Amino acid sequence: MQLYQSQQLKIYNSLSGKKEIFKPISEGHIGMYVCGPTVYSNVHLGNVRTFMSFDMVFRYLKHLGYKVRYVRNITDAGHLENDADEGEDKITKKARLEQIEPMEVVQRYTVDFHNILNTFNFLPPSIEPTATGHIIEQIELISTIIENGYAYEINGSVYFDVHKFNETNAYGKLSKRKLDDLIHNTRELDGQSDKKNPQDFALWKKAEPQHIMRWPSPWSDGFPGWHLECTAMSTKYLGEQFDIHGGGMDLKFPHHECEIAQNEAAKGKSPVNYWMHANMLELNGQRMSKTTGNTVNPNELLSGNNKFFSKAYAPSVIRFFNAQSSYRSVLDLTDDGLLASEKGFYRLMDAVNLLNSLNASSTSSIDILAWKQKCYDAMNDDFNSPILIAHLFEAAKFINQIKEGSETISADDLELLKKTIYNFVYDILGLENTVNTDSGTDKLSGAIDVLIKLRQEARANKDFALSDKIRDELAEVGIQLKDGKDGTTFTVN
Ligand code: AMP
Ligand code: ZN
């Protein structure tokens, strides 16, 4: 019996606008696709927030006993500077500016992305496909869409015919937009585009002569459209229909809307049962975005080397901060918010660290089983991590009370409490038992003072072998003792 058989998970589905009971297509298995980064610059904390939210989703689904195939792609070609299929490819542009190969850009920022994810204790996805590794699949998909009459070729580029598609299918069902409104709201093309209508989007673009990233196709030497890449990769690894598709809220339109249209046009099926959108991270009240430059990079926040924040924060503190609000809420990154989360995180960890020193009694004065189910209920309610954290703080309170003797816990309940806390804190929220460096330094100073006193006692007893041993062995680990007229002090290298 797997845990998911006794828990009822509900997921907010952006397509229906409701929380729905989650039922996978194939019992016990889940296919989940999350749009990955476009690797043309360092990821900022906004990107990290979205991936962190889906890391928590992945962790919880696995914890429930599902066999999850989690596919998160790397966009390494085809993402143009604006959504109207105009402008330069983001990676090509960066390569031109830095005078390096586009694949050097891709390599550099893919490595950066992976390093950041490791720092934040992310689980790797099951498959991490790249767009450039799936050009053949994309060409096949375009051919099918053309054969089915939903795309047209002009001057070597292929466009999806949104108007034609809308005659038989509803374009805009995910973002709740109507084609008529889109027609009124889209600016007229400047005459440079070959598209029949401004709402159409590129499936294949003919490469300009100077464009380095190009592949042969039946239509031209060119490159695929960004929306098409995700359809090709999700279909290849998860099938024509799969369970969960995620991404940041800003991808709902046009990116995800186009993914639905492409799949319906090619396969006659809506690809995804549950669409999940993670909300945006703001920095001091404004959307964090590469384009506007209102960003802070993870390393700047971790090192404290930035103009926004008063100090450095540990990766787990940032994870905790993120989990303290729902993945569907806008989250504002502020110094006050981080300071409060840091305090809360270490308070929780202090309680977790007390668990092994608790003594069991013959009976429990607390209903641990009921408390445990409340934790699951929170996560079953569309991954409501802030409510889960409230229950973890409740546990922190009774851990302290058990320690002080005002509450009791039986041996069996103590085991259950430990297992549940470790599951939620480490496995599901992905937190690590980080030492609070502020109070850690105090404790270290205290410990060195104890050694200094022992050394003084040894010297008073003329046990110079011991006093030298204490001094030398401390020096070996980088702690230098200095004897002065006011006593012994120390420095740490
Ligand atoms: P990109 O590399 O721009 O394609 O973005 C990668 C992921 O980060 C996408 O899922 C975006 O929706 C997400 N993203 C971008 N900006 C933010 C933000 N400020 N807050 C949360 N997620 C974001
Ligand atoms: Zn995508």
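Numbers here simply count residues along the sequence, with the first being 1. Order of listing sets the numbers, starting from 1, for every ligand and every atom in it. Fair warning: this is a prediction, and the values are worked out from it, not measured in the lab.
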Pair Asp221-Lys206, salt bridge (charged side-chain N to carboxylate O under 4.0 Å, His left out): steps then yes or no: CA-CA 6 Å; Asp221 273 12; Lys206 180 181 172 177; over 6 Å; no

Heteroatom test (N, O or S) for His227 near the Zn ion (ligand 2), limit 2.8 Å: no

N/O/S from Cys230 sitting under 2.8 Å away from the Zn ion (ligand 2): yes

Identity and separation of the nearest protein heavy atom to [atom]:
atom                    : answer
atom 15 (C) of ligand 1 : Asn47 ND2, 3.3 Å
atom 9 (C) of ligand 1  : Leu251 CD1, 3.8 Å
atom 19 (N) of ligand 1 : Met288 O, 2.7 Å
atom 10 (O) of ligand 1 : Gly248 N, 3.1 Å
atom 17 (C) of ligand 1 : Met280 SD, 3.6 Å
atom 1 (P) of ligand 1  : Thr38 N, 4.0 Å
atom 11 (C) of ligand 1 : Asp250 OD1, 3.4 Å
atom 3 (O) of ligand 1  : Lys290 NZ, 4.2 Å

Ring geometry between [Y] and [X] (parallel below 30°, tilted from 30 to 60°, perpendicular above 60°):
X      : Y      : value
Tyr4   : Tyr66  : parallel
His227 : His255 : tilted
His245 : Trp275 : parallel
Tyr376 : His63  : parallel

N-O pairing of Asp55 and Arg59 below 4.0 Å: yes

Checking the N or O distance criterion of under 3.5 Å, is ligand 1 in contact with [X]?
X      : answer
Gly46  : yes
Thr50  : yes
Asn279 : no
His79  : no

Where the Zn ion (ligand 2) is the vertex, angle from Cys35 SG to His255 NE2 to 10°: 120°

Non-hydrogen atom of Phe51 closer than 4.0 Å to ligand 1: yes

Check the surroundings of atom [atom1] in [X]: do more than 12 heavy atoms from other residues, nucleotides or ligands lie under 6.0 Å from it?
X      : atom1 : value
Lys173 : NZ    : yes
Lys374 : NZ    : yes
Arg69  : CZ    : no

Contact partition for [X] relative to ligand 1, non-hydrogen atoms under 4.0 Å:
X      : result
Leu281 : both
His44  : side chain
Arg49  : neither

Set of side chain to side chain contact (heavy atoms under 4.5 Å, CB included) partners for Met280, sequence neighbours left out: Met249, Asp250, Arg287

Close-contact set for ligand 1 against Arg287 heavy atoms, below 4.0 Å: 19 (N)

Residue pair Phe54 / Gly246: nearest heavy atoms and the distance that separates them: CZ-CA, 3.5 Å

Atom of Leu228, atom of Leu203 and distance for their closest heavy-atom approach: CD2-O, 3.7 Å

